[in-house]
Amino acid sequence: METAPMETEQRLVKLSSSQGDVFEVEFGTACYADVVKQMIDFTSESSDAETIPLNLKTTVLEKVLQYCDYHRDNEPKEIPKPLPTTNLGEIVGDWDAAFINVDDENMLYELILAANYLDIKPLLDLACAKAACAIKHMTPDAIREHFNLQPEQMTPEEEQEMLEELKWCTDGGAA
Amino acid sequence: MMRPSSFRHGQALRACRYKEGVRVLLVSDVKVNDRYDWVEAAVYATAPSGAGKTRVHMRAIHSTEMFVVDVPNVYTPFKKLPPKAVSSGFWYKESTPPPPFTGFTSIRSLGDLPHDCISNIANYMPFGTDMCRVRLVCRAFRAIVNTNFLTNRIETFISTRGLTDVVRMEDAADVSPANLPKYLLGLSWILEKGGDWAGWGGPLRCAAHGGLERHPPLRPFFLPIKLGWREVQKVTSMRISLKQPEAIRQYMVSSGFWYKESTPPPPFTGFTSIRSLGDLPHDCISNIANYMPFGTDMCRVRLVCRAFRAIVNTNFLTNRIETFISTRGLTDVVRMEDAADVSPANLPKYLLGLSWILEKGGDWAGWGGPLRCAAHGGLERHPPLRPFFLPIKLGWREVQKVTSMRIFLKQPETIRQYMVFGHLLEFAVGPINEHGHGRLGGQGLQVKRSGSLALNHPFAATFNRKDPVCQVGSHVYPTFTDAVVMGRVVKERLGFEFHQNQWKLVLEVSISRRTHGRRHMQNPAAWAYMTHLLETPSTFQRVAKDVPITNTHTNTLGTSTTIVFLSCGAAGGPFGVVMIVQKSGTGDAENANIMIRTSERQADEGFPGERYPRTARFIRRDDVVGLETLRMIFGDGVDSQLAVRAGGFPT
């Protein structure tokens, strides 16, 4: 028997994090993620009440669901490439800018991975744009520290090549 | 231990379901220790056995037991299963207890994935170092990416490009077993990294047909070319090979390659959690890089992050530059120099620099129309003075022109852009100092500021700080692009006085406020139209949208000229059409001359419509000038003048 559209919209879906926490969300919110939608389509054939396990931490899943819930009725703005300004609020709007303004860089990575895993392209773009914004007027050491990059072993040629590039940009031109 | 013969097939399915490689569960027909035995077997052969059946040969998984079962080709399932239903060759045991389900084993590594998943992964991977590394560290992967896999992939590659009659892989039997995997991996890599080989189909067919000879010794050349171990050995360096232009890279193969699996891969330590930017998947890093504007920040991240450097490579930069140009509709105007023409040492610097210049240069689209006009109007290149063709090639030399980023960014956008390629034209521009003074082609250039223009200045209302009002010598131009293309190029090179042979007069009329003579006419409507044209600000870029463009410049003596580019080749066809309005005098003595000129080749003698039929058709279009406007300006005689002989030329 087919389910009426309204009935489907109001249906609740259970999603569980990798830590076992279960979130009950509306069908429309859950289906914002293509992967979850496919899982629902698959599981609904067998049982309505089945919980869909997602390989995401509770905090990350909560954040992702917050995004999905907001944007199911508010289409996100397309983010131009490259970014014309580092003020994300001007490009994506205040809600998205506040949403992605996470203190912890690891949370940003987790969100990138979650968006990639759940196939939520607007969230992936937003998180990547945020990472791109973060790299602004930082010294190499500051970039290393901010993004937790380990110093690399470079060959002298590689290092020279990189320094030449950097010199072009910092010393002003190719001459 | 049960004997193989005591097993019957446990799944009553039609014969068509049993393909080679399919796994089935067999169940014993007697109980041992009060339970049935189950065996998992794989089908390895099928053959018709007559009487509507197929003989299925199976081998037990994890043992050497063989089973042979005849299965029906057509099977009608039971509507209601009896307790012990017997079909020919099958037992159905309702009471057979299924083996205890222990659940799927958890996937802990790539090798634990089902074989078809690994095969799928391998199919997505391009050939090269990565594939070799995974083969080295993963037995399951190695088992999938075997010689059959590689052979199939190579054959698919050749056949999907329609090159089966041109290129063929050497028979694997002709390659020594020791070299076989290396040969197949190398050939796959060469083919896939070689680019689009389809372009060689035609030339090689022609060459074979034309009697090309092989070397050494000189023997007739036949198709298909066999790419064998010898050809793979010709690639002595992957790095050098990849630096070649595609066609050269491909041609190198026909005289051999050495495929090196390069350095041994690092030991596989499992997937690590994301702790830094460099740990993110490559497509995510690429996405981040795409959002970053070029400049110091990108160079710094390249400096500190190897993964980022691997993504933001020469291909990435080239793609981004090409996207930049194409999204602005400038592919016929600007092109980047072929990377092969830049020395390898300068290549990353060149690409980074060019990307930076393009992105920081502002909106380059404004140059599309002017440069098309200039190219069509006979602009010359410097040095030496050669005809100027589009597209302009921006190379390492142009990047080097930007000697200071700080000064570059201080210029108005159009001057900034012209600084990069202006030296290719006859009139280069130097940087403008803080007082707005500079030089354009040997003449003094003064860039006006918005505040420095009087309120009643003709260009005050249309002042654009990105393309500001300029004065070159005694002439004032509404924009810098006008100063370059109209002031310097059109006036001096295209000239109309000097290029009368190229730009033929189609229609001409003189009008004035008062009637001064026979050829002059008093026409308030035409005068108003002319005044409107003179007051219209320059909108060069509109040429790309197939609409007329106008330019006005005035000099200190009060003479004004407007040139309306109705077509500059790209929009209206392979000829240019201009409307020129020149006004002089003051008060009642004001008079103007309006001309329409074309560069269309003269077809015949007679009326202009017969001599320049395409121009006549073009200017009669309502979206260009329109017959009504032409009548208003040039009088009713324009109907006969622009009449086009029927069947003469296509529109």
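Worth knowing before you read on, the calculation uses all heavy atoms, side chains too, and leaves out hydrogens, waters and symmetry mates. Chain identifiers are assigned alphabetically (A, B, ...) following the order of the sequence lines, protein sequences preceding nucleic acid strands; residue numbering begins at 1 within each chain.
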Tell me whether the count of non-hydrogen atoms from other residues, nucleotides or ligands lying under 6.0 Å of [atom1] in [X] goes above 12.
{"X": "A:Q19", "atom1": "CD", "answer": "yes"}
{"X": "A:N74", "atom1": "CG", "answer": "yes"}
{"X": "A:E78", "atom1": "CD", "answer": "no"}

With a 4.5 angstrom heavy-atom cut-off, is it the side chain or the backbone of A:P80 that approaches chain B, or both, or neither?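 Backbone only.
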
Identify which part of A:I79 has an atom lying under 4.5 Å from any heavy atom of chain B, answering side chain, backbone, both or neither.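 Both backbone and side chain of A:I79 come within 4.5 Å of chain B.
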
I'd like to know which of A:N116, A:D125, A:L124 tops the heavy-atom pair count under 4.5 Å against chain B. A:D125

Considering only heavy atoms and a distance below 4.5 Å, find which of A:C133, A:A129, A:A127, A:A131 pairs most often with chain B. A:A129

When you look at A:K81 and B:T323, which way does the side chain to side chain contact (heavy atoms under 4.5 Å, CB included) test go after all the steps? CA-CA 11 Å; A:K81 290 179 184 174; B:T323 308; over 6 Å; no

For B:M292 against A:A132, the heavy-atom pair lying closest together: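 Closest pair (atom of B:M292, atom of A:A132, distance): CG-CB, 3.5 Å.
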
Heavy-atom distance under 4.5 Å between the side chains of B:Y291 and A:C128, does that happen here?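 The answer is yes, as the side chains (C-beta and beyond) meet within the 4.5 Å cut-off.
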
For A:I112 and B:I288, run side chain to side chain contact (heavy atoms under 4.5 Å, CB included): C-alpha distance rounded to whole Å, both residues' side-chain angles, the deciding distance at 0.1 Å, then the answer. CA-CA 10 Å; A:I112 290 176; B:I288 292 171; 4.2 Å; yes

